[in-house]
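So the structure is just underneath, and the comments pick up after that.
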2 protein chains.
Amino acid sequence: MSLTPATQQGRATKERIVRGAAALIAERGAAATSLDDVLAATGASKSQLYHYFEDKHGLVEAVVDHQCAAVLGLQAHALASVSSWEDLERWAGMMVAIVEDHGARGGCPIGTLAAALSDTDERLRTSLAEAFRAWSDAIRGALMRLQANGLIAGRADIESLTTFTLSAIQGGLLLAKTSRDAGQLRIALDGAILQLRANAAGRP
Amino acid sequence: MSLTPATQQGRATKERIVRGAAALIAERGAAATSLDDVLAATGASKSQLYHYFEDKHGLVEAVVDHQCAAVLGLQAHALASVSSWEDLERWAGMMVAIVEDHGARGGCPIGTLAAALSDTDERLRTSLAEAFRAWSDAIRGALMRLQANGLIAGRADIESLTTFTLSAIQGGLLLAKTSRDAGQLRIALDGAILQLRANAAGRP
DNA sequence: GCCGGACTGGACTGTCAAGTCCAACCAGCG
DNA sequence: CGCTGGTTGGACTTGACAGTCCAGTCCGGC
């Protein structure tokens, strides 16, 4: 259980620690990130860290929540404006561009955390599972909008298509990061979109 | 660079250490596995470990190679016997069954290692990327067999379908492990197969 | 001004894990 | 038998890291 800061200053400090820790953990993993590393990177002191977080585990929890919120914020926003095939292509292009900009390193922060922490900590696993569920919700929303616009057939199994799309995203990100080639993500997303289009409503 | 044992006894010892370490690392991750844990689990001593491996990093390399070989052996074998849609369905069923048997924990050993180590160590990243490439080869082989049997159209883009299939596998495994629900893998694989069937050769 | 609580700096401690070292052990072989 | 080289047991050293503690500082309210 982490303490909620009472002052503006305290909030800033806690925020700074979480952001710094999130950056370090994203690039080297939670286990390989020491508290001293976080302290050095953020210019905070031991007592500040332990003032706001129970222990290292508490910090990691905060980082997980932070990353989930960040990724979901971006995805929910981007997917919320999808209501045509062109929009969907644009969204896919954005995903690939982001990965390319990072030199195809890191992949999806949530995916990486999920792979590493799901088997280690039950509480974190459920947080991550929840994040994937929320991401699914955003995708489902977009698909239903396409359906409402008559682009996807009414009888299509939206639920399965949603899960399938998310798995293509995650798998594509993992392959891209491992092979350092954003093209793998491109192929995975194109494949997923092709699948969606296969469910296109027939001409009226 | 790890030393190759000169005697039968030495070979057995090294093998025992790698297998034990692989099991521990698969369930808790490389960073969370101490050498003492490995020693305790295998009944080996410090000097044995350092006799056969340079250091911990060397052991992890050996474990990565071992896991890649194990998974690929299984996959290459299972995919080599695929030459009809029924075979492919059977293969998918096997994958889901394996995951279910493990209580949807752990996911793909290669995928988990890739997520954790790709950003940490370049040598390991290339090993993992190589493993994915070999896995792709096995998938491509199966698809080309389907194509040769007239089940997939000659003009289909086998290369993209291969990458797409692998990304569905990995994404499905990650979602399954995070949500502790093998059904997510089932959906991902069904989706991939549906996509392949969409490329079915037209009736002659 | 001054009191109390939120916040901060940083020294300190205990634990644990990586890696070293050496004294053995156990073949096979001359 | 005694030597040699591969192998083994386990104590020991060293360093890093999580977590503790206390002496403060800062700031709003009275």
Side-chain angles (χ1 to χ4, degrees), chain A residues 1-64 116-117 120-121 123-124, chain B residues 1-64 116-117 120-121 123-124:
Chain A
M1 207 48 54
S2 62
L3 179 68
T4 310
T7 71
Q8 176 56 40
Q9 189 189 16
R11 233 161 298 141
T13 299
K14 185 172 182 183
E15 172 83 7
R16 185 162 46 102
I17 294 175
V18 172
R19 295 179 101 88
L24 290 176
I25 288 177
E27 79 179 31
R28 336 138 99 156
T33 303
S34 77
L35 297 184
D36 288 334
D37 291 340
V38 175
L39 264 26
T42 60
S45 78
K46 264 281 160 83
S47 53
Q48 286 177 298
L49 204 160
Y50 279 94
H51 184 67
Y52 295 113
F53 306 94
E54 181 82 359
D55 51 12
K56 182 178 181 179
H57 186 259
L59 173 62
V60 174
E61 282 186 4
V63 167
V64 167
L117 304 174
T120 312
D121 185 284
R123 152 88 172 72
L124 295 180
Chain B
M1 206 49 53
S2 61
L3 179 68
T4 310
T7 70
Q8 176 56 41
Q9 191 188 196
R11 232 162 300 140
T13 299
K14 186 171 181 183
E15 172 82 7
R16 186 162 44 103
I17 293 176
V18 172
R19 294 181 102 87
L24 290 177
I25 287 177
E27 78 179 32
R28 337 136 97 149
T33 302
S34 78
L35 298 183
D36 289 333
D37 291 340
V38 175
L39 265 24
T42 60
S45 78
K46 264 286 161 77
S47 55
Q48 286 178 297
L49 204 159
Y50 279 94
H51 184 64
Y52 295 113
F53 305 95
E54 181 82 357
D55 52 12
K56 182 177 182 179
H57 186 260
L59 173 61
V60 174
E61 282 186 4
V63 167
V64 167
L117 303 174
T120 312
D121 185 283
R123 152 89 172 69
L124 294 180

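Below, all heavy atoms of this structure are taken into account, side chains as well, without hydrogens, waters or symmetry copies. So you know, we letter chains A, B, ... as the sequences are listed, proteins then strands, and number each from 1.
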Go through the steps to decide whether Tyr50(B) and Leu35(B) satisfy the test side-chain contact (heavy atoms from CB on, under 4.5 Å), and finish with yes or no.
-> CA-CA 10 Å; Tyr50(B) 279 94; Leu35(B) 298 183; 3.2 Å; yes
For atom CZ of Arg11(B) and atom P of dT8(D), their distance in whole Å | 12 Å
Contact state string [nucleotides 8-27 of chain C, B base, S sugar-phosphate only, - no protein heavy atom under 4.0 Å] | BBBB-----SBBB-------
Quick one: Leu59(A) CG to dG19(D) P, roughly how many Å, whole number?
-> 10 Å
Looking only at side-chain N and O atoms, does Thr7(B) come under 4.0 Å of OP1 or OP2 in dT7(D)?
-> yes
Are Asp121(A) and His57(A) close enough, and set up right, to give a side-chain contact (heavy atoms from CB on, under 4.5 Å), and what steps lead you there?
-> CA-CA 10 Å; Asp121(A) 185 284; His57(A) 186 259; 2.5 Å; yes
Across all chains, not counting sequence neighbours, the side chain to side chain contact (heavy atoms under 4.5 Å, CB included) partners of Ala116(B) are none
Atom CG of Leu49(A) to atom P of dT20(D): distance rounded to whole Å?
-> 12 Å
Stem list, DNA chain D (Watson-Crick or G-U pairing under 3.5 Å, at least 3 consecutive pairs) | C:1-30 with D:1-30
Pair listing, side chain to side chain donor-acceptor pair (under 3.5 Å) test, anchored in residues 19-32 of chain B, at least two apart | Glu15(B)-Arg19(B)
Side chain proximity check, Gln48(B) to Thr42(B), heavy atoms < 4.5 angstrom | no
Which residues satisfy the side chain to side chain contact (heavy atoms under 4.5 Å, CB included) test with Thr7(A), sequence neighbours excluded?
-> Gln9(A)
Check Glu61(A), Glu54(A), Lys14(A) against Ser2(A) for a side-chain hydrogen bond (donor to acceptor under 3.5 Å, both in side chains) and give me the one that passes.
-> Lys14(A)
Provide the full list of salt bridge (charged side-chain N to carboxylate O under 4.0 Å, His left out) pairs with a residue in residues 43-52 of chain B, sequence neighbours left out, each pair given once.
-> Asp36(B)-Lys46(B)
